[in-house]
Protein chains: 2
Amino acid sequence: MKNQSDIGLEARLTAPLERMLASFAPVGIEGTALIRSSFTSAPQQQPSGAAIPMDPERNQARLVASGWIARGAMLNDGRRQIVGLSLPGDVIVASGSVDADLQVWALTEIVTVDATAFWTMLSEPGALASPLKEAWRRCRTAERLRMARQVIRLGRLNAYERTAHLLLELHERQVRLGSARNGALHLPLTQDVLADILGLSAVHMNRTLQQLRRNVLVDYRTGRTVLQDLPGLVQAANLSAVCGPLIPAPF
Amino acid sequence: MKNQSDIGLEARLTAPLERMLASFAPVGIEGTALIRSSFTSAPQQQPSGAAIPMDPERNQARLVASGWIARGAMLNDGRRQIVGLSLPGDVIVASGSVDADLQVWALTEIVTVDATAFWTMLSEPGALASPLKEAWRRCRTAERLRMARQVIRLGRLNAYERTAHLLLELHERQVRLGSARNGALHLPLTQDVLADILGLSAVHMNRTLQQLRRNVLVDYRTGRTVLQDLPGLVQAANLSAVCGPLIPAPF
DNA sequence: CGAGTCTTTGATGCATATCAAGCTTAGTGG
DNA sequence: CCACTAAGCTTGATATGCATCAAAGACTCG
């Protein structure tokens, strides 16, 4: 188990978190130092498809260092709904109220680190590290907003609108991480999984993606996807004055 | 403007909040005192139907003292989706990230009080008032869980299941508040509004409620509704090992 | 080269939306 | 007390978006 500060050329585990926080508010040198120093335990790797047990008792929190994670629930008859995605830089917490909680699945091979220290650092010590706290606050707010958007998508948008809307959201998140540019983004999701996010059948998901491709809005392929026409997508997603700009501003 | 502690026989504004927190974890005498002392500003009343402006800049928080509130969004073409309901005892915060946020509407006549002091008290001062903080933590966790349940309802349940599921959830919330007993609960929602929560058309909402009535599960009427068969509703809602017990345990 | 996992396509059916109208209730003013 | 109105509830007819079923291509990997 080596300390994060030891890491030189190899990618730092906290890099996505640092970039995401910085995209919300300037964090400063000592903010960055604080982030790095609060992740000291050994990273943990898990294969694609693994179910990740979140211990509700310990109020466990983990930072996603790489890979994609889905939070959701499985119904008894096999229906599955993904409630949200966690990307590198995101922190997942055990909702930990009672019984059957949300489940957590690895959609790709993932690397995670314990984030309990980070979590408590941000909730406890009042005044210190104020700029960092502000960035964190905005980041959590954005997360709540994403949940709300997911509800609106599922409740009132049709398949075509839903898909456009989700793709824009994922694009915006990756722009913050620095891993998307000009509409090209990393999308390691099978159509099956996309369908379970959007509350659609896999067949209809496929047809909807074809429709977007025919309209030259999206070039979808598993792994790498290009949003060819961002303004067109915004229009397709029916995003007028609803839930903030999904086209990223320059930071 | 009189202090909360002055109030004698008339109902205390913080009563619902106190009951709800106590239903999550014991709060103790000094916890209760802390709650009461942190609401000092004048309550504000608003008529049914009012849009409540939430100032995103000031990170504004308000406690709902009485009445029902809906958070949601309006699409340009008139479609509306309600993301969540706020009942007495709930605290609403301005999501306050960027532009067009969620809107907030009063579904009934409401009374609210500024909750900024309460909010900051619970996020800032570390160790003190630990039992209160624990209750608050669980309460917020329950809120996140409700969001997740809303996503699952809209994504993967049909109209009949959705309705049963939502009614159970509202029942559970009111049991915590002490305002529901044996399935009888206060429901000041028109079918129109219910439809906008569940992502259905008003017509189909009506037919679904009739179906529940025919099956002797729910006796719905605006204002007062009786869940006649809680176990039957649980079955109808398809709640097997998904998202925790909605039938309230004795506290 | 075979086996599994994904994607694509076509055919059919159902759940829910939409449209249109009548009905019920409560409130309002003459 | 009785029109009159407006909001909500109810019902029927029709349309459609999406699910489901089934099977056939593509791809990937050992």
Side-chain angles (χ1 to χ4, degrees), chain A residues 47-50 68 70 75 77-81 105-109 153-166 187-214 218-225 236-238, chain B residues 47-50 68 70 75 77-81 105-109 153-166 187-214 218-225 236-238:
Chain A
S48 173
W68 287 45
L75 277 65
D77 55 0
R79 285 178 285 182
R80 184 174 71 155
Q81 178 63 46
W105 304 289
L107 295 176
T108 67
E109 181 172 281
R153 271 196 293 260
L154 294 175
R156 288 299 184 208
L157 300 191
N158 62 31
Y160 191 75
E161 295 165 326
R162 276 183 220 183
T163 310
H165 197 271
L166 176 69
L187 244 198
L189 305 176
T190 65
Q191 298 185 7
D192 226 350
V193 170
L194 270 177
D196 281 337
I197 299 171
L198 293 177
L200 299 170
S201 71
V203 171
H204 201 66
M205 187 72 253
N206 180 292
R207 296 195 161 117
T208 305
L209 287 169
Q210 288 178 53
Q211 208 179 336
L212 284 166
R213 185 179 318 146
R214 252 182 277 119
V218 174
D219 176 32
Y220 171 88
R221 58 193 75 176
T222 330
R224 183 140 290 275
T225 291
N238 215 320
Chain B
S48 174
W68 287 45
L75 277 64
D77 55 1
R79 285 178 286 181
R80 184 173 72 153
Q81 177 63 46
W105 303 291
L107 295 177
T108 66
E109 183 172 279
R153 271 196 293 261
L154 295 175
R156 288 299 184 206
L157 300 191
N158 62 32
Y160 191 76
E161 296 166 326
R162 276 184 221 183
T163 310
H165 197 269
L166 176 70
L187 243 197
L189 306 176
T190 66
Q191 298 186 5
D192 226 349
V193 171
L194 270 177
D196 281 338
I197 299 171
L198 293 176
L200 299 170
S201 71
V203 171
H204 200 66
M205 187 72 253
N206 180 291
R207 296 195 162 118
T208 306
L209 287 170
Q210 289 178 52
Q211 208 178 337
L212 284 165
R213 186 178 319 147
R214 253 182 277 120
V218 174
D219 177 32
Y220 171 88
R221 58 193 74 177
T222 330
R224 183 140 291 275
T225 291
N238 215 319

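Chain letters run A, B, ... following the sequence lines, proteins first, then strands; residues in each count from 1.
A heavy-atom distance below 4.5 Å is found between the side chains of B:Gln81 and B:Leu154.
Checking the phosphate oxygens (OP1, OP2) of C:dT5, no side-chain nitrogen or oxygen of A:Gln191 falls inside 4.0 Å. In this model, the phosphate group of C:dT9 is approached by a side-chain N or O of A:Gln210 to a distance below 4.0 Å at OP1 or OP2.
Atom CG in A:Leu187 sits roughly 11 Å away from atom P in C:dT7 (whole-Å rounding). Rounded to a whole Å, the CZ atom of B:Arg207 is 13 Å from the P atom of C:dT18. The CZ-C1' distance, from A:Arg79 to C:dA15, rounds to 13 Å in whole Å. Atom C1' of nucleotide D:dG17 and atom CZ of A:Arg156 are separated by 15 Å, given to the nearest angstrom. Computed from coordinates, the A:Arg162 CZ to D:dC18 P distance equals 7 Å when rounded to whole Å. If you take CE of B:Met205 and P of C:dT16, they are 11 Å apart, rounded to a whole angstrom. In this structure, A:His204 places its NE2 atom 15 Å from C1' of C:dG10, rounding to the nearest Å. We find that CG of A:Asp196 is positioned 11 Å from P of D:dA19, with the value rounded to whole Å.
A salt bridge does not link A:Arg224 with A:Asp219: none of the charged nitrogens is closer than 4.0 Å to a carboxylate oxygen.
Rounding to the nearest 0.5 Å places CD of B:Glu161 at 13.5 Å from CG of B:Leu166. We find the CG-CH2 distance between B:Leu187 and B:Trp68 to be 5.0 Å, quoted to the nearest 0.5 Å.
Side-chain atoms of B:Val203 lie closest to C:dA20 of the nucleotides D:dA19, C:dT16, C:dA20. For B:Ser201, counting side-chain heavy atoms from C-beta on, the closest listed nucleotide (C:dA17, D:dC9, D:dC18) is C:dA17.
Using a 4.0 Å heavy-atom distance criterion, B:Asn206 is classed as a base contact. At the heavy-atom level, B:Ala202 lies nowhere under 4.0 Å from the strands shown. Among the protein residues, B:Thr190 comes within range of the sugar-phosphate backbone only, with heavy atoms under 4.0 Å from sugar or phosphate atoms but none that close to a base. Among the heavy atoms of the strands, none lies under 4.0 Å from B:Gly49.
The backbone N or O of B:Leu107 lies less than 3.5 Å from a partner atom in the side chain of B:Ser48, making a donor-acceptor pair.
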